[in-house]
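Okay, so here's the structure we're looking at.
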Amino acid sequence: MKYYDKLIFELSREGRTGYSLPKASASAAIPAELSRESALPLPEVSEVDVVRHYTNLSQMNFGVDTGFYPLGSCTMKYNPKINEEIANMAAFGGLHPLDDQLPGVDMVYDEMDKALAAITGMKHFTFKPCAGAHGELTGLMIMKQYHQNRGDLARTKVIVPDSAHGTNPASAAVCGFDIVEVKSNAAGLVDVEDLKPLLGPEIAGIMMTNPNTLGLFEKDIKEIAALVHECGGLLYYDGANMNPLLGMVRPGDMGFDIMHLNLHKTFSTPHGGGGPGSGPVGVCERLAHLLPADIQNRVPAIPGEEKVGSVSGFHGNFGIILRAYTYILMLGRENVKMAGKLATLGANYIKESLKDAYKLPIPTVCKHEFVFDGLIDDGSATGKPGATTLDVAKRLLDFGFHAPTIYFPLLFHQALMIEPTETESKETLDEFIDVMHKIAAEAAQDPDILHSAPHSAPISRPDETTAARKPVLKYQDETE
């Protein structure tokens with residue numbers, strides 16, 4: 001029997017017990033309207049059944065500790081185990097979120113503020129935002145507060161590139177801004193000529209990622225910064241793609257005024273799975289007094305100018321910040337820049353090795369990630385439906401690799417976005433390249449192999465749209 005083939009309820013057998021508690025010696029009066037009318041229908045299973053069931057389920061999950069995870073845009077970095085050891089030390093592991101004014105905790109926040117300021121070129125950071133999108137919203141609130149303090153209430157629009165992460169326009173809209181899209185040029189960069197007529201007294205700022213979502217460095221960033229500042233706007237930096245710039249280039253030096261960092265992307269804290277995140281927001285010196293009040297109150301308010309209000313009940317997810325602090329100390333000033341160099345080297349190595357089999361819409365040097373636009377030969381010449389990017393992604397699962405990001409960015413119809421990160425060995429990259437070539441050959445000769453993939457996974461191709469829109473989250477006993 002495969003223990004993951006059934007739900008824990010389906011393993012239940014009447015009378016089986018895995019663990020028992022003594023009878024309660026005290027009882028509490030529960031209001032009748034809150035009391036159950038019947039016993040809670042919990043599964044009755046032995047301890048060994050529970051252990052095997054959940055152990056098998058855990059082995060079905062894919063992560064950076066189990067294999068290559070080239071998920072473009074998400075920067076799925078390996079998390080050094082020293083991070084976990086420090087975060088789980090007795091002195092830290094048992095802290096309550098309100099213990100953030102203890103001297104040692106206060107020191108970590110202060111040292112992280114200095115470290116991130118040095119790495120990014122910003123003046124100060126707030127650690128209150130609990131995730132990247134939360135950081136975006138906080139940064140946009142700072143942008144809005146800046147204009148409101150100056151009485152410039154006409155600035156109601158934010159410019160967003162057509163290649164941006166989806167959270168950028170979403171966060172701006174949540175903050176009450178109208179969205180103005182700026183187009184990319186043939187090189188995949190912000191079209192400066194398209195930007196110029198969009199600028200005016202109603203523009204609050206522009207949100208950009210650099211390198212952008214195609215993994216390309218925005219070489220005109222200084223001109224863009226000058227144009228936006230000249231019209232009275234601010235520049236917001238989405239730190240999702242900060243990894244290749246570590247120790248090399250700073251957003252503050254490019255002209256950005258506000259930014260957030262995804263600690264789980266750039267500084268190797270746990271990523272995904274619904275766990276705690278951290279999206280600290282940094283600002284330039286002229287905006288530092290607008291940051292939400294923090295434990296150090298490093299920057300006092302300016303009389304007559306309002307700060308941004310509270311964005312979180314606590315001062316940040318300390319365990320995640322501590323892991324990032326450990327990572328920075330482990331690398332040190334002299335080694336932090338190697339992360340970006342190696343990530344860039346790995347991405348270009350894969351790109352150049354596979355461009356004979358996959359369409360490369362922008363044949364130039366990339367940074368940490370790049371985008372293919374599907375297969376060069378998808379097998380349609382065989383008279384069968386051609387293999388798609390989804391087919392390639394599904395087939396990769398049969399070879400033990402997590403699929404890259406697919407169908408994003410939206411600039412390319414069959415987008416396949418690959419990001420190797422800096423810790424992957426050349427042997428791992430070579431194995432991935434070999435498998436991608438093998439899949440390309442299968443597509444050209446018999447695309448049906450890809451159409452029916454994956455062949456070795458516990459499930460093949462569920463109806464993902466229905467699962468997302470109509471999830472079944474509650475077990476229903478068919479005998480009821």
Side-chain angles (χ1 to χ4, degrees), residues 58-81 215 243-244 265 268 271-272 338-360 363 365-379 387-408 414-461:
S58 72
Q59 293 171 347
M60 293 172 66
N61 194 33
F62 196 100
V64 291
D65 284 2
T66 57
F68 185 39
Y69 210 134
L71 200 63
S73 186
C74 287
T75 313
M76 302 297 291
K77 293 181 72 157
Y78 171 74
N79 305 313
K81 296 301 171 271
N243 198 44
K265 290 188 177 186
S268 80
H271 189 157
M338 291 303 297
K341 286 183 176 181
L342 292 173
T344 298
L345 179 64
N348 281 279
Y349 179 62
I350 295 175
K351 171 175 65 68
E352 292 299 311
S353 299
L354 291 176
K355 66 182 183 180
D356 62 328
Y358 296 83
K359 298 175 186 175
L360 184 61
V365 173
C366 65
K367 293 301 176 186
H368 62 306
E369 64 189 6
F370 63 93
V371 180
F372 285 132
D373 191 12
L375 290 148
I376 291 176
D377 185 351
D378 65 1
T388 65
T389 283
L390 176 64
D391 295 327
V392 173
K394 293 293 186 181
R395 183 63 172 137
L396 269 170
L397 303 181
D398 286 327
F399 293 95
F401 292 111
H402 196 284
T405 297
I406 60 175
Y407 301 120
F408 178 80
Q414 291 293 328
L416 187 71
M417 178 185 261
I418 298 173
E419 179 180 358
T421 75
E422 67 276 6
T423 51
E424 299 300 337
S425 67
K426 183 177 181 296
E427 290 77 14
T428 296
L429 300 186
D430 284 337
E431 185 179 354
F432 176 74
I433 290 166
D434 289 343
V435 166
M436 288 290 282
H437 272 128
K438 183 178 295 186
I439 292 172
E442 291 176 342
Q445 298 161 13
D446 186 3
D448 284 344
I449 296 176
L450 274 67
H451 295 158
S452 56
H455 304 284
S456 59
I459 59 174
S460 182
R461 297 203 183 192

Interatomic spacing from [atom1] in [X] to [atom2] in [Y] - rounded to 0.5 Å:
| X | Y | atom1 | atom2 | answer |
| --- | --- | --- | --- | --- |
| Ser73 | Ile418 | OG | CD1 | 13.5 Å |
| Gln414 | Lys359 | CD | NZ | 8.0 Å |
| Glu431 | Glu427 | CD | CD | 10.0 Å |
| Glu442 | Leu375 | CD | CG | 11.0 Å |
| Glu352 | Phe370 | CD | CZ | 9.0 Å |

*What is the ring orientation for Phe68 with Phe401, classed by angle as parallel under 30°, tilted 30 to 60°, or perpendicular over 60°?*
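Phe68 and Phe401: perpendicular rings.
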State whether [X] and [Y] are salt-bridged, where the test is any N-O pair (Lys NZ or Arg NE/NH1/NH2 against Asp/Glu carboxylate O) under 4.0 Å.
| X | Y | result |
| --- | --- | --- |
| Asp65 | Lys81 | yes |
| Lys341 | Glu422 | no |
| Arg461 | Asp391 | yes |
| Asp430 | Lys426 | yes |

_Pair Met417-Glu369, side chain to side chain contact (heavy atoms under 4.5 Å, CB included): steps then yes or no_ = CA-CA 7 Å; Met417 178 185 261; Glu369 64 189 6; 3.9 Å; yes
*Is there a donor-acceptor pair closer than 3.5 Å between any side-chain N or O of His368 and the backbone N or O of Thr421?*
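The answer is no, because no donor-acceptor pair under 3.5 Å joins these two groups.
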*Indicate yes or no for a side-chain donor-acceptor contact from Thr66 to the backbone of Phe62 under 3.5 Å, with no hydrogens or angles considered.*
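No, the answer is negative, given that no donor and acceptor are paired below the 3.5 Å cut-off.
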Heavy-atom pair of closest approach, residues [X] and [Y]:
| X | Y | answer |
| --- | --- | --- |
| Ile406 | Ala393 | CG2-CB, 3.9 Å |
| Thr389 | Gly374 | OG1-CA, 3.9 Å |
| Val64 | Tyr69 | N-CD1, 3.8 Å |
| Phe432 | Pro70 | CE1-CG, 4.2 Å |
| Ile350 | Ile433 | CA-CD1, 4.1 Å |
| Ala444 | Asp377 | CB-OD2, 3.3 Å |

Within the 4.5 Å heavy-atom criterion, are [X] and [Y] side-chain neighbours or not?
| X | Y | value |
| --- | --- | --- |
| Lys265 | Asn243 | no |
| Ser460 | Ser452 | no |
| Pro363 | Lys355 | no |
| Tyr358 | Ile439 | yes |
| Met436 | Leu416 | yes |
| Glu419 | Leu71 | no |
| Pro404 | Leu396 | yes |

*Would you mind telling me which of Asp398, Val392, Leu397 makes a side chain to side chain contact (heavy atoms under 4.5 Å, CB included) with Arg395?*
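Answer after filtering Asp398, Val392, Leu397: Asp398.
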*Residue pair Thr344, Cys366: steps toward the side chain to side chain contact (heavy atoms under 4.5 Å, CB included) verdict*: CA-CA 7 Å; Thr344 298; Cys366 65; 6.0 Å; no
_Steps toward side chain to side chain contact (heavy atoms under 4.5 Å, CB included) verdict (Thr405, Phe408)_ = CA-CA 7 Å; Thr405 297; Phe408 178 80; 4.0 Å; yes
*Please identify each residue that fulfils salt bridge (Lys or Arg N to Asp or Glu O under 4.0 Å) with Lys394, with sequence neighbours left out.*
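In terms of salt bridge (Lys or Arg N to Asp or Glu O under 4.0 Å), with neighbours along the sequence ignored, Lys394 is linked to Glu464.
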*asked:* Ignoring hydrogens and geometry beyond distance, is a side-chain donor-acceptor pair present between His437 and Asp434 at under 3.5 Å?
replied: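 Short answer, no.
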